[in-house]
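Okay, so here's the structure we're looking at.
Since we're looking at a predicted model, the values are computed, not measured. For the numbers below, each heavy atom of this structure counts, side chains included, while hydrogens, waters and symmetry mates do not. Every chain is numbered from 1, with letters handed out A, B, ... down the list of sequences.
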Protein chains: 2
Amino acid sequence: MKEIYNLHAEMCKVFSNPIRLEIFNLLRDKEMSVTEIINTSKLSQANISQHLSIMKSKGIVISKRDGKMIYYKLSNPKIIKAFDIIKEVLTERLEKNRKILVGVKA
Amino acid sequence: MKEIYNLHAEMCKVFSNPIRLEIFNLLRDKEMSVTEIINTSKLSQANISQHLSIMKSKGIVISKRDGKMIYYKLSNPKIIKAFDIIKEVLTERLEKNRKILVGVKA
DNA sequence: TTAACATATTAGAATATTCTAATATATAAA
DNA sequence: TTTATATATTAGAATATTCTAATATGTTAA
């Protein structure tokens, strides 16, 4: 009954890094090659590769090779929903803070 | 456009620890005092207190004092939905693996 | 007051994560 | 084959997280 929390934590750990979140968001509606991810994210090749490796090992993404390129995509689109809920909670919170700062009534 | 990923990652970091997930799950439908959490989770007082402090600082839980006791509850029930989606993805995955091991057809 | 209870905080060792730089591997083109 | 391109892996320093043990703080009851 306790082991599920370890697995759950391992999965959430994947999303506890801003670079991996950015990669996840890039892949949300299309698969991409590593080169494309590098170009759009402006991060180093080694770093992207390491993060993709972590995401793959936790089953968040899957990859396939096509010639020289390797393409990554999300393994389970359900996770997008979880991602979006968290983002929604955060943006609501930011909006609330903005209103307080600006002096707008709720 | 990048700062949201840092906030998002900070929030997910809260869920990247099995003890905090256990506490979150205890609080999913009722508020609890620290003593109650200690008793049901069988973890040390200091450790629980530290984890609650982290959860509170990230806005996942809120607390109120009532006499000697301090009661914690979830700040935003929406997050339960995200928690459950991740859990669902994991249990589906475990079930698939079980079937493969046991030799059941999909 | 003082004692007892509930909770928080601190210090520090053990462990884990992250980045950069360098190197390795796999594939395709020349 | 060699060369160029795409991606992965490794090593290691810097940083962050986690736990335990000890101590501090706040509240109520005696």
In whole Å, I'd like the distance from the [atom1] atom of [X] to the [atom2] atom of [N].
X     : N      : atom1 : atom2 : result
A:Q45 : C:dA24 : CD    : C1'   : 11 Å
B:I70 : C:dA6  : CD1   : P     : 12 Å
B:I48 : C:dA8  : CD1   : P     : 11 Å
B:I54 : C:dA8  : CD1   : P     : 13 Å

* **Sequence-distant partners of A:N39, side-chain hydrogen bond (donor to acceptor under 3.5 Å, both in side chains), two or more places apart** =>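 With sequence neighbours excluded, A:N39 shows a side-chain hydrogen bond (donor to acceptor under 3.5 Å, both in side chains) to no residue whatsoever.
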* **Toward the 5' end of DNA chain C, by each residue's nearest nucleotide, A:K68 or A:H51** =>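 Its nearest nucleotide being more 5', the pick is A:H51.
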* A:K13 or B:E36: which one's nearest nucleotide on DNA chain C is closer to the 5' end? ->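 Counting from the 5' end, the first nearest nucleotide belongs to B:E36.
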* To do: Look at the side chain of B:T40 and the backbone N and O of B:E36, then say whether any donor-acceptor pair between them is shorter than 3.5 Å.
  =>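 Confirmed, B:T40 side chain pairs with B:E36 backbone.
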* **Donor-acceptor pair, side chain of B:R20 and main chain of B:V14, under 3.5 angstrom** =>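 Yes.
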* To do: Confirm from the modelled atom types if B:Q50 and C:dA8 form a donor-acceptor pair under 3.5 Å, side chain to base only.
  =>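 Counting by modelled atom types and ignoring angles, no donor-acceptor contact under 3.5 Å is found here.
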* To do: Name the first nucleotide and the last nucleotide along DNA chain D (5' to 3') that come under 4.0 Å of a heavy atom in chain A.
  =>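 The protein-touched segment is D:dT5 to D:dA11.
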* Would you name the heavy atoms of A:K87 and B:I4 that are closest together and state the gap between them? =>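 Taking A:K87 first and B:I4 second, the nearest heavy atoms are CE-CG1, 4.4 Å.
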* To do: Have a look at A:Y72 and say if it touches a base, only the backbone sugar-phosphate, or nothing, with a 4.0 Å heavy-atom cut-off.
  =>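 The residue A:Y72 makes sugar-phosphate contact but no base contact.
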* Asked: What does B:I19 touch in the nucleic acid at a heavy-atom separation under 4.0 angstrom: a base, only the sugar-phosphate, or nothing?
  ->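 Sugar-phosphate, no base atom in range.
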* Under 6.0 Å from the NZ atom of A:K78, do we count more than 12 heavy atoms belonging to anything else shown? ->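 Yes - once you tally the heavy atoms of other residues, nucleotides and ligands closer than 6.0 Å, there are more than 12.
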* **From CA spacing to verdict: side chain to side chain donor-acceptor pair (under 3.5 Å), A:N17, B:Y5** => CA-CA 8 Å; A:N17 175 285; B:Y5 290 123; over 6 Å; no
